[in-house]
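A quick write-up on the structure given underneath.
On a predicted model such as this, the values are computed, not experimentally measured, just so you know.
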Amino acid sequence: MEVLYSSTREDLRKVQASEAILKGLSEDGGLFVPDHIPALEKSLRELSEMNYQEVAYEVMKLFLTDFTEDELKSCIEKAYDTKFDTEEIAPLVEADGTYYLELFHGATIAFKDMALSILPHLMITSAKKNHVEDTIVILTATSGDTGKAALAGFADVEGTKIIVFYPKNGVSPIQEKQMVTQKGKNTFVVGIHGNFDDAQTGVKQLFSDKELAREMAENGLRFSSANSINIGRLVPQIVYYVYAYAKLLKEGRIADGEKMNVVVPTGNFGNILAAFYAKDMGIPIEKLICASNENKVLYDFFRTGDYNRNREFVLTSSPSMDILISSNLERLIYRIAGNDANKNAAFMEALTSAGSYRITEEMKEQLSDFYGNYASEQETADRIKALYEKTGYVIDTHTAVASAVYEKYKSETKDGTVTVLASTASPFKFTRSVMDAIDPKYDSMSDFELVDELSKIANVKVPNAIEEIRTAPVIHDTVCDKSEMKETVKNILSIS
């Protein structure tokens, strides 16, 4: 059955998947949502006999219904290949009774690779399907990981340019080095004086700037997005939750139909929304455990029903979660508002004008699948140390936030359900925070000395993504104020 997409803020017009992927964001500022969540066609047992690429096809064909079998399989084959350093793409590792779903074995050692390896292929295919001859300009804001993963995915892809904005002092040294050393004649990286929310807000404003759209069209250019607001990012993320359950079933860790919990370190809400969609498709997920860091806007939302970004922005050791406006939450708000675009648009208008909104009790009752909590900086560091000392397994700061929150959940509920925790980044991406947590004696070492020491104590080879940037020259050094983003984009694109 065909799946069509409409905006969360204006549901009069429906588009096919390829058009939603190309646009990224609807003209009214809304996000594209499927008109229904399709049910899996294969049984859990059948899925358990498939590899990652085969599971990806079974999930994605149900959402991307205007792609032919050959088109979609070609995209999957190009995405999930030798750029991943493990054959199974997303290994499940058991540590201290929890299954860590390692989503960081791609080119940039973060979970964003899982979707951003395939998005360029989906987008180029979508452009051909829609007879688009304009150059597609990928415009993206990043809190650290999306930027590098998108740059790597789109570098030198014909018919595209990519511009990434990141908070100049709001990412880890390794994250910044990965971005500013990115090769590719179509890649552009800009640091802004501001935080991630400033960058994300600026990008959204550029998308809805009608005058800029006209100027770009005159120059044969059009914007699209690689942020998790793009449905082409969200759909591939559903795959790994389906795969995780299938893997547990194959290995006899779970019985057919038995429930599992999912724990996700959450910033922009896309990753955990994908798990929610996987549950809707038929994966037996019990609780969706939403883990926040000290920017605990989502924890407060799940506890009170009040979403309020009017608070101090905290720079933490888990920078990819340093977010006060969780864009993908809008898709869930639309859903619990009864798929009512007008109601959702009113909430989003309140968020823009007043910085907050409050959902109704009836809507709040529909959030029973979710559990929210947060971990402080100290709790995050303590969890890295405790898990390492107990098992020898080293996790990054974002994964540690999730692990610490899961410990709280177990303590509160005594729930013994089999649990999969989304391990969203390699510890090598946040070496200083990770090594400081294990032992403060490491603090005197340089970033790359820490990399080698981490390799030694964790007994894990240094990833290629880190080796590549040890001596790589800085290619991108543009910095601007958040108020200068439009002018910077026009300069990059040579629009006078």
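Taking the centre of each ring, Phe430 and His398 come in below the 6.0 Å mark. No close placement of the Phe428 and Phe104 rings is indicated, their centers lying 6.0 Å or farther apart. Tyr52 and Tyr240 have their aromatic ring centers separated by at least 6.0 angstrom.
A side-chain donor-acceptor contact under 3.5 Å links Asn271 and Tyr241. In this model, no donor atom of one side chain and acceptor atom of the other lie less than 3.5 Å apart for Asn373 and Ser292. Counted by atom type alone, Asn328 and Arg331 present one or more donor-acceptor pairs between their side chains at under 3.5 Å. For the residue pair Gln178/Glu468, the side-chain donor-acceptor check at 3.5 Å is not satisfied. Side chains of Asn268 and Ser326: a donor-acceptor N/O pair is absent below 3.5 angstrom, by distance only. If you check the side chains of Glu46 and Ser43, you find a donor sitting under 3.5 Å from an acceptor.
In this structure the side chain of Tyr166 never reaches within 4.5 angstrom of the side chain of Phe196, judged on heavy atoms. Ser224 places a side-chain heavy atom less than 4.5 Å from the side chain of Met123. Between Gln237 and Tyr277 the shortest side-chain heavy-atom distance does not fall below 4.5 Å.
Here the side chain of Gln16 pairs no donor or acceptor atom with the backbone of Asp66 at under 3.5 angstrom. Looking at Asn130, its side chain does come within 3.5 Å of a backbone N or O of Ser126 through a donor-acceptor pair. Of the possible polar contacts, one joining the Ser48 side chain to the Arg45 backbone as a donor-acceptor pair under 3.5 Å is found. In this structure, the side chain of Thr86 does not engage the main chain of Phe84 through any donor-acceptor pair within 3.5 Å. Checked by atom type and distance alone, the side chain of Glu77 never pairs as donor or acceptor with a backbone atom of Ser74 at under 3.5 Å. Checking side-chain atoms of Thr187 against main-chain N and O of Gly184 turns up a donor-acceptor pair under 3.5 Å. Put simply, the side chain of Thr431 never gets that close to the backbone of Phe448: no donor and acceptor are under 3.5 Å apart.
Residues meeting the salt bridge (charged side-chain N to carboxylate O under 4.0 Å, His left out) test with Asp415, sequence neighbours left out: none. For Ser225, the side chain to side chain contact (heavy atoms under 4.5 Å, CB included) partners are Phe207, Asn227, Ile229, not counting sequence neighbours. For Lys461, there are no salt bridge (charged side-chain N to carboxylate O under 4.0 Å, His left out) partners at least two apart in sequence or on another chain.
A cation-pi arrangement is present between Lys129 and Phe67 under the rule of less than 6.0 angstrom and at most 45 degrees off the ring axis. Relative to the ring axis of Tyr5, Lys14 does not place its NZ or CZ within 45° and under 6.0 Å from the centre.
Here the CD-CG distance, from Glu102 to Leu92, works out to 9.0 Å after rounding to the nearest 0.5 Å. For the atom pair Leu273 CG and Leu329 CG, the distance stands at 8.5 Å (nearest 0.5 Å).
Atom CD of Glu88 is surrounded by more than 12 heavy atoms from other residues, nucleotides or ligands within 6.0 Å. Taking a 6.0 Å sphere around CG of Asp156, one finds it holds more than 12 heavy atoms contributed by other residues, nucleotides or ligands.
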Tyr393 vs Tyr100, ring-ring contact (aromatic ring centres under 6.0 Å, His included): CA-CA, chis, key distance, verdict: CA-CA 10 Å; Tyr393 187 58; Tyr100 288 79; 5.3 Å; yes

Test log, rule salt bridge (Lys or Arg N to Asp or Glu O under 4.0 Å), inputs Lys61 and Glu41: CA-CA 10 Å; Lys61 73 175 186 182; Glu41 292 178 349; 3.3 Å; yes

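Here the rule is salt bridge (Lys or Arg N to Asp or Glu O under 4.0 Å) with Asp369, and of Lys259, Arg335, Lys279 only Lys279 fits it. Checking each of Gln175, Glu176, Gln182 against Lys148 for a side chain to side chain donor-acceptor pair (under 3.5 Å) leaves exactly one that passes, namely Gln182.
Salt-bridge formation is not detected for the pair Lys177/Asp447: no Lys NZ or Arg NE/NH1/NH2 atom is positioned less than 4.0 Å from an Asp or Glu carboxylate oxygen. One finds no salt bridge joining Asp197 and Lys204 here, because no Lys/Arg side-chain nitrogen approaches an Asp/Glu carboxylate oxygen to under 4.0 Å. Using a cutoff of 4.0 Å between basic side-chain nitrogens and carboxylate oxygens, Arg253 and Glu94 are not scored as salt-bridged.
Asn261 and Glu286 make their closest contact through OD1-CB, 3.3 Å (heavy atoms, listed as atom of the first residue, atom of the second, distance).
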